[in-house]
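Report on one structure; see the data block that follows.
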Amino acid sequence: LYTQFQTDKAVEKEGVVLEYGLNSKKKVISIRIARAGGANLHYSKLLESKIKPYRRQIQNETLDNAVAEKLTKEVYAQSVVLGWENVEDQEGNELQFNQANFIKLMDDLPDLWTDIQNQATRAALFRAEILEADAKN
């Protein structure tokens, strides 16, 4: 069970790199993400503080999906996505990593947003056994 479920707590906070092919300059596009949950307490605390004013709406299932999406992107921008390299805008200009650029990119590319969310919540991505095997390769 330990090899199946134990994660590397340091990596959950420091992050792993996701690669998304090459940009227009033939450089690898990479996005470093921490885990959304687990040992990433910054994520948990930030999420809690962001949703606190909306708790009643969440309980009543009346929170607008657009508001929930906006809050989630803000939390990811501040606590899950740690940085990126070689990300470009639609015209091929370098896009610096910051909260506003992250949110715009996720708004523009909803499938990328879905993938980042899926990867950040996959415990297996942060498992010590998998990381060790990847390092050997």
Side-chain angles (χ1 to χ4, degrees):
L1 288 176
Y2 286 93
T3 59
Q4 291 178 19
F5 293 100
Q6 189 171 36
T7 59
D8 185 322
K9 304 301 182 200
V11 174
E12 287 184 339
K13 293 183 266 187
E14 296 165 8
V16 296
V17 175
L18 306 176
E19 293 183 352
Y20 289 100
L22 303 176
N23 68 11
S24 66
K25 297 168 184 69
K26 307 293 185 227
K27 293 183 177 181
V28 176
I29 301 165
S30 60
I31 301 176
R32 178 174 291 278
I33 63 166
R35 186 172 180 195
N40 184 359
L41 298 180
H42 181 56
Y43 165 80
S44 303
K45 290 177 182 178
L46 188 59
L47 181 62
E48 178 64 27
S49 71
K50 287 276 189 184
I51 65 171
K52 191 173 185 177
Y54 302 94
R55 189 172 317 274
R56 192 78 176 131
Q57 291 176 33
I58 293 168
Q59 290 171 344
N60 292 330
E61 298 180 3
T62 59
L63 181 63
D64 186 306
N65 286 341
V67 172
E69 186 85 358
K70 178 182 179 294
L71 294 172
T72 305
K73 286 177 184 172
E74 289 173 1
V75 170
Y76 268 63
Q78 294 174 29
S79 64
V80 173
V81 179
L82 305 175
W84 62 40
E85 292 182 13
N86 304 314
V87 172
E88 299 174 333
D89 64 14
Q90 204 163 9
E91 289 78 38
N93 302 310
E94 182 180 350
L95 196 60
Q96 294 295 318
F97 176 73
N98 60 47
Q99 184 175 346
N101 285 345
F102 170 77
I103 291 171
K104 177 168 181 1
L105 187 66
M106 297 305 107
D107 288 345
D108 291 348
L109 302 172
D111 290 332
L112 175 61
W113 169 233
T114 298
D115 187 61
I116 288 174
Q117 287 181 291
N118 288 339
Q119 299 302 323
T121 56
R122 281 185 54 222
L125 192 61
F126 302 93
R127 280 203 351 245
E129 176 186 313
I130 291 174
L131 296 166
E132 289 169 13
D134 285 349
K136 290 177 184 175
N137 291 333

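Being a predicted model, the structure only gives us computed values, none of them experimental.
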Taking [X] for the side chain and [Y] for the main chain, is one N or O donor matched with an acceptor at less than 3.5 Å?
X: Asn98; Y: Ala100; value: yes
X: Arg127; Y: Gln6; value: no
X: Asn23; Y: Ile29; value: no

By side-chain hydrogen bond (donor to acceptor under 3.5 Å, both in side chains) - contacts of [X] (at least two apart):
X: Trp113; answer: Glu69, Gln117
X: Asp64; answer: none
X: Tyr54; answer: none
X: Gln90; answer: none

dist Met106:CE -> Thr114:OG1 (nearest 0.5 Å) comes out at 10.0 Å
Nearest 0.5 Å, what's the CG-NZ distance between Leu46 and Lys50?
6.0 Å
Would you mind listing the cluster partners of Leu22? Hydrophobic ones only (ILVMFWY), side-chain contacts under 4.5 Å, chaining allowed.
Val28
Hydrophobic cluster mates of Phe5, side-chain heavy atoms under 4.5 angstrom, ILVMFWY only, any path?
Leu1
Search all heavy atoms of Val17 against all heavy atoms of Ser30 and return the closest pair with its distance.
CG1-CB, 3.5 Å
In terms of heavy-atom contacts, Ala34 and Ser79 come closest through CB-O, 4.0 Å
Apply salt bridge (charged side-chain N to carboxylate O under 4.0 Å, His left out) to [X] and list each qualifying residue two or more places apart in sequence or on a separate chain.
X: Glu48; result: Arg55
X: Lys70; result: Glu74
X: Glu88; result: Lys25

Side chain to side chain donor-acceptor pair (under 3.5 Å): which pairs involve residues 99-109, sequence neighbours left out?
Lys73-Asp107, Gln78-Gln99, Lys104-Asp108
Would you mind listing every side chain to side chain donor-acceptor pair (under 3.5 Å) that reaches into residues 34-47, with sequence neighbours excluded?
Glu12-Arg35
Given the rule that I, L, V, M, F, W and Y join up when any side-chain heavy atoms are under 4.5 Å apart, are [X] and [Y] in one cluster?
X: Val67; Y: Tyr76; result: yes
X: Ile31; Y: Phe97; result: yes
X: Leu18; Y: Val87; result: yes
X: Ile103; Y: Val75; result: yes
X: Ile33; Y: Leu71; result: yes

Exceeds 12 heavy-atom contacts within 6.0 angstrom, atom CD of Glu61
no
Listed partners of Asn65 passing side chain to side chain contact (heavy atoms under 4.5 Å, CB included), at least two apart:
none
Name the one of Asp89, Ile116, Val81, Leu112 that satisfies side-chain contact (heavy atoms from CB on, under 4.5 Å) with Leu105?
Leu112
Please determine whether side chain to side chain contact (heavy atoms under 4.5 Å, CB included) holds for the pair Asp8 and Phe126, giving the CA-CA distance in whole Å, both sets of side-chain angles, and the decisive distance to 0.1 Å.
CA-CA 6 Å; Asp8 185 322; Phe126 302 93; 5.9 Å; no
